[in-house]
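Heads up, the thing below is written out as C-alpha cells.
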Amino acid sequence: MDIISTLVDRRQQLLSALGQHLSISLIALVIAIIIAMPLAFWAARHSKAAAVLLQIAGILQTIPSLALLGLLIPLVGIGTTPAVIALVIYALLPIFQNTYIGITGIDPALEEAADAFGMGRWRKLRKVELPLAAPTIIGGIRTALVLIIGTATLAALIGAGGLGSFILLGIDRNNTALIVIGAVFSALLAIILSALISWLAKQRWQWTAGLVVLLILGVGGTQIASRVNQPETVVIAGKLGSEPDILINMYKQLIEHDDPHIRVQLKSNFGKTTFLFNAVKTGSVDIYPEFTGTVLETLVKQDRTAAHLTAAQTYTAARQALSKQFQMTYLQPMAYQNTYGVAVKRRFAQDHGLTTISSLRNVTDQLSAGFTLEFLDRPDGYQGLKKVYGLHFPTHSFEPALRYAAINNGKVNLVDVYSTDSEIVQYKLQVLRDDKHLFPPYQGAPLMRTAFARQHPGIVRSLNKLAGHITDKQMQQMNYAVNVRNESPAKVARTYLTSHGLLKGGD
Amino acid sequence: MAEAEKTAIEFQHVRKDFTGQTILKDLNLTIPADEIFVLVGPSGSGKTTTLKMINRLEEPTDGTITFFGRPVAAYPLQELRWSIGYVLQHIALFPNMTVAENIAVIPEMKKMPRDRLRARTEELLAAVDLPAKTYADRYPDALSGGEAQRVGIVRALAADPGVILMDEPFSALDPISRTQLQDLILRLQSKLHKTIVFVTHDMQEAVKVGDRIAVMHNGVILQVGTPAEIRQHPAAAFVADFFAGAEMGRVAWADTVAQVLASGVLTATSQPPTPAVTLHTTVAALAPQLAAGTVLAVADPRTRQTYRLDAQGLLNYIVRVHTAEGESNS
C-alpha cells in the first residue's frame with residue numbers, strides 16, 4: 001500500500017529516473033560492444049595478446065565500483081560521463097571474453113573450409129564467424145547488460161541520476177518504499193532488456209541495427225534538445241540528506257525568482273563531501289552548500305585545527321583558505337550551527353547519569369557506537385574523542401541514516417549526530433554536551449568558484465539574502481517536515497522563504 | 001587419337017618444415033589432368049600437407065608448385081581457390097546455412113546469376129541422389145553423415161572448378177555410406193572428367209577410386225603408378241605390406257553372413273534370430289553394431305540351427321579366413 005502510494009506520488013520522478021537509467025546503461029553497453037568486440041576478433045588471431053587483454057579486463061572488473069567512480073571524478077568530473085565510463089569498464093570483460101571464446105571455439109574445420117573456398121577476411125567474419133559465435137556473444141552481452149543495470153544504481157552517487165537516486169533517497173529518509181521501488185524497477189529493467197536482447201538475437205539483424213540507430217538518435221536527440229533549450233543553466237548540488245536538499249531548493253527559488261532567465265538544475269543527494277568539492281573544482285557543479293567546519297577540517301590545508309575557534313573565526317579562516325588555495329568564493333553563512341555531537345537514548349542517559357561527553361568515561365565498557373564513516377575518520381570526530389576525551393570503545397560504521405535505525409533497535413547505544421537532525425526528536429535522543437569543545441562550529445554557506453561568482457553578481461546577491469537566516473530550531477523543524485512528514489524539500493523551502501519575506505515580488 | 005597427357009599440378013623439389021622438423025623432403029610429383037589421383041599412406045606420411053599446398057592452405061618451405069604451368073604463388077589467392085574445389089574429412093558444412101546456402105558459397109562470391117545458381121544446385125543435388133525439393137532448405141544438423149558429405153561434394157563442384165581436392169573425404173563415414181560415396185565419385189567422374197586429388201589412408205579405397213596412386217610414407221613418395229602396376233610390382237617392402245593389409249581387410253568387409261555361417265566358427269544359441277540380419281547382410285554392415293557390444297543371432301537354413309553372432313565370432317571368422325588364404329597361397 002505504502003509502495004503503491006509512493007509510486008503514484010512519484011511517477012513523474014520514476015519515469016525520468018527510468019529514462020536516465022536506461023540511457024546511461026544502453027550508451028555504456030553500446031560503447032562496450034564497440035570496444036570489446038573488435039578487440040576480441042583481433043585477439044582471436046593473436047593468442048598471446050588475448051591472454052594479456054583477458055587479464056587486464058579481469059583486473060578492471062575487480063576494482064570496486066565505488067572506488068572506480070571516485071577515481072574518475074578528478075579526471076572527468078561528475079554526472080553521466082564518469083558513470084558511463086565506469087559501466088563500460090565493467091561491461092568489457094563479459095563481452096570480450098564471450099566474443100573471444102565464441103570465435104576461438106569455432107570448429108577449425110569450418111575455418112579451414114572458409115579459407116579454402118577463398119572467402120576474404122570480412123566475408124568469413126560476416127558469413128561464418130559472427131553467425132557461429134553469435135549465441136556466445138549474445139550471452140556475453142546479456143551478462144554485461146545485467147551487470148551494467150545493477151551497477152548503474154551507483155551512478156546516483158555522482159549525480160548521474162537513475163534508479164539509484166530512489167535507493168539512496170530511501171536509505172537516507174529511512175523510507176523502505178523508495179528502496180523497494182528503486183530495486184524492483186532496476187531488476188525489472190534488467191530482466192526485460194535481457195529478454196529483449198535474446199529475442200532480437202533470433203530476428204533478422206536488420207531489426208537490431210534499426211533499433212540501435214533509433215536508440216542513438218533518440219538519446220542524442222534529447223541531449224541536443226536539452227542543450228539547445230537551455231539559455232543559461234546553473235547547476236547546484238547538495239550532499240545526501242534532507243538539509244542540503246532543502247537549502248539547494250531555497251537557492252534555486254531565490255535565483256530563479258530574481259532572474260527568470262536563469263534555469264537552475266538541482267542535483268540533490270549527490271554524495272559525499274569530496275565528490276562535491278571536486279565537482280565544483282572541475283566545474284561540473286557551480287554551487288553547493290558547505291559547512292565552515294568541514295572546509296577547515298577536510299578541504300583546505302592548514303596548520304591549526306578549527307577546534308576552540310568561534311563561529312565567526314571559523315568562517316573567516318575557511319573563506320580565506322578557500323580563496324587562496326582553490327580560487328573559490330565562500331558566501332555569508334546562515335545562522336544555524338550544525339555541529340557534530342554524540343547522542344545516546346534519553347533513557348540510557350538517565351540510567352547512567354550522562355550529561356556530558358566526559359561522563360561517558362564511566363560507562364565505556366558498556367558502549368557500542370554506530371558512527372558514520374566520515375565521523376570515524378575525522379580529527380574532530382572519533383579521532384578527537386579518543387585524543388581529547390581519552391575515550392575508547394567498540395565502533396561500527398554506518399550509512400548516515402542507518403545509524404539512527406541502529407540505535408533505535410538497540411544494535412548500538414551511541415551515535416554521532418548533527419545538531420539539526422530531525423531524528424534527535426524522532427528517536428528521543430539526548431545530545432551530550434561537548435564540555436571540552438572538541439567539535440568546531442559548523443555553519444552552512446554557499447561555495448562556488450570565484451570566476452563563477454564574478455560572472456554572476458546577481459546570483460551572489462540572491463544567495464546572500466539567506467545570510468544570518470534560519471535558526472537551529474527552524475532547521476530541525478524543516479528536516480522533520482521532509483524526513484518524517486514526507487513533505488517535498490521544494491515545498492518546505494518555499495514555505496520558509498515566503499513566510500520570511502525572502503521571495504518578495506520581483507524587483 | 002591419343003591425346004597428349006596434360007599436366008594439372010606439378011611439385012618440384014618441395015620441402016616443408018613444421019617447427020624445425022622436416023615432414024616433406026624433396027617432393028617431386030606430377031599430377032595429370034582429368035583423372036583421379038590418390039595420395040595414400042598411413043597417418044603422418046605428409047599426404048594431407050601435400051594436398052593443402054595446392055590451394056595454399058599450407059605454404060612450402062622450399063620448392064615450387066605449379067598449377068597448369070604457373071606457380072600457385074603467382075595466382076591471386078582468391079582466384080586460385082575459387083578454381084579449386086575442396087572436400088574436407090570433417091565435411092564442415094556451415095551449420096548456420098541451409099544446404100542450398102552452403103552450395104552457394106563460392107558461386108555467390110563469383111557472382112553467378114541467381115537463376116543459374118538455382119538450376120545448378122538442383123541439377124547437382126539430383127546427381128548425388130538428394131532431391132532439391134526435400135534437401136535444399138534443410139540445415140546440416142538434419143542430415144546423416146553420408147548425406148552431408150554428398151552436399152560437401154556438391155559444394156565443391158558448384159562453381160565448376162577444374163580441380164577438386166578431397167582430404168580423406170569418406171574416412172568419417174560408416175562403411176556402407178563410404179562404399180556408396182566411392183561409387184558416386186566414380187559415377188560423377190565418368191561424366192565430369194575433373195582433375196581430382198584424393199587423399200586417403202585406406203589402400204582399398206585408393207585402389208578402388210584411383211586412376212593413379214602415389215604411396216607416401218614418412219614424407220617421401222615411395223611409388224607412383226596405376227593400381228595394377230603397384231599391385232604387381234611394389235617398389236618397396238612397405239608398399240607390398242600396405243597392399244597386403246588392404247587385401248586382407250577387403251576380404252572380410254565384403255563377405256556376407258552366409259559365408260560367415262559356412263566357415264563354422266559360430267556357436268549355437270537359444271536366442272531368437274535377429275530379424276534385420278539376412279544371409280546377404282555384409283560384414284561391413286554388421287561390424288559397427290558388433291563393435292558396440294550388440295549380440296545378434298542368425299538362423300542357418302542348412303543346419304536349421306540358430307547361431308550367436310557377436311564381436312568374438314566375427315574376429316574368429318577373420319582369423320579363419322586369413323589362415324585359410326595363407327594356406328591356399330603357399
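Labels below follow one simple rule: chain letters A, B, ... track the order of the sequence lines, proteins then strands, and each chain is numbered from 1.
- When all heavy atoms of A/Ala113 and B/Phe94 are compared, the closest pair comes out as CB-CZ, 4.1 Å.
- Heavy-atom distances place no part of B/Leu165 under 4.5 Å from chain A, backbone and side chain included.
- At least one side-chain heavy atom of A/Leu110 sits less than 4.5 Å from a side-chain heavy atom of B/Pro95.
- The local environment of CZ in A/Arg121 is sparse, with at most 12 non-hydrogen atoms from other residues, nucleotides or ligands closer than 6.0 Å.
- Looking at every heavy atom in both residues, B/Leu57 comes nearest to A/Asp115 through CD2-CB, 3.8 Å.
- Residue-environment remark: CZ (B/Arg118) stays at or below the threshold of 12 foreign heavy atoms within 6.0 Å.
- When heavy atoms are compared at a cutoff of 4.5 Å, B/Asn96 approaches chain A by way of both its backbone and its side chain.
- For CH2 of A/Trp199, the number of neighbouring non-hydrogen atoms (other residues, nucleotides, ligands) closer than 6.0 Å is greater than 12.
- Put simply, of B/Lys52, B/Glu79, B/Gln89, the one with the most heavy-atom pairs under 4.5 Å next to chain A is B/Lys52.
- Here B/Ile84 contributes atom CD1 and A/Phe117 contributes atom CZ; the two are 12.0 Å apart, rounded to the nearest 0.5 Å.
- The shortest heavy-atom contact between A/Ala116 and B/Tyr86 is CB-CD2, 3.2 Å.
- Looking at B/Leu77, neither its backbone nor its side chain comes within 4.5 Å of chain A, counting heavy atoms on both sides.
- Two residues are said to be in side-chain contact when any heavy atoms from C-beta on lie closer than 4.5 Å; A/Glu112 and B/His90 fail this criterion.
- Other residues, nucleotides and ligands contribute more than 12 heavy atoms inside 6.0 Å of the CZ atom of B/Arg70.
- Each of B/Met109, B/Gln78, B/Arg81 was checked for a side chain to side chain contact (heavy atoms under 4.5 Å, CB included) with A/Met119, and the lone residue meeting it is B/Met109.
- Salt-bridge annotation for A/Lys127 and B/Glu108: present, with a side-chain N of the basic residue lying under 4.0 Å from a carboxylate O of the acidic one.
- Comparing B/Ala156, B/Gly85, B/Ala92 by heavy-atom pairs within less than 4.5 Å of chain A, the highest count is held by B/Ala92.
- When heavy atoms are compared at a cutoff of 4.5 Å, A/Ala134 does not approach chain B at all.
- Ranking B/Arg155, B/Met97, B/Glu101 against chain A, the residue ahead of the rest is B/Arg155, based on heavy-atom pairs under 4.5 Å.
- There is no contact between B/Arg56 and chain A, counting heavy-atom distances below 4.5 Å.
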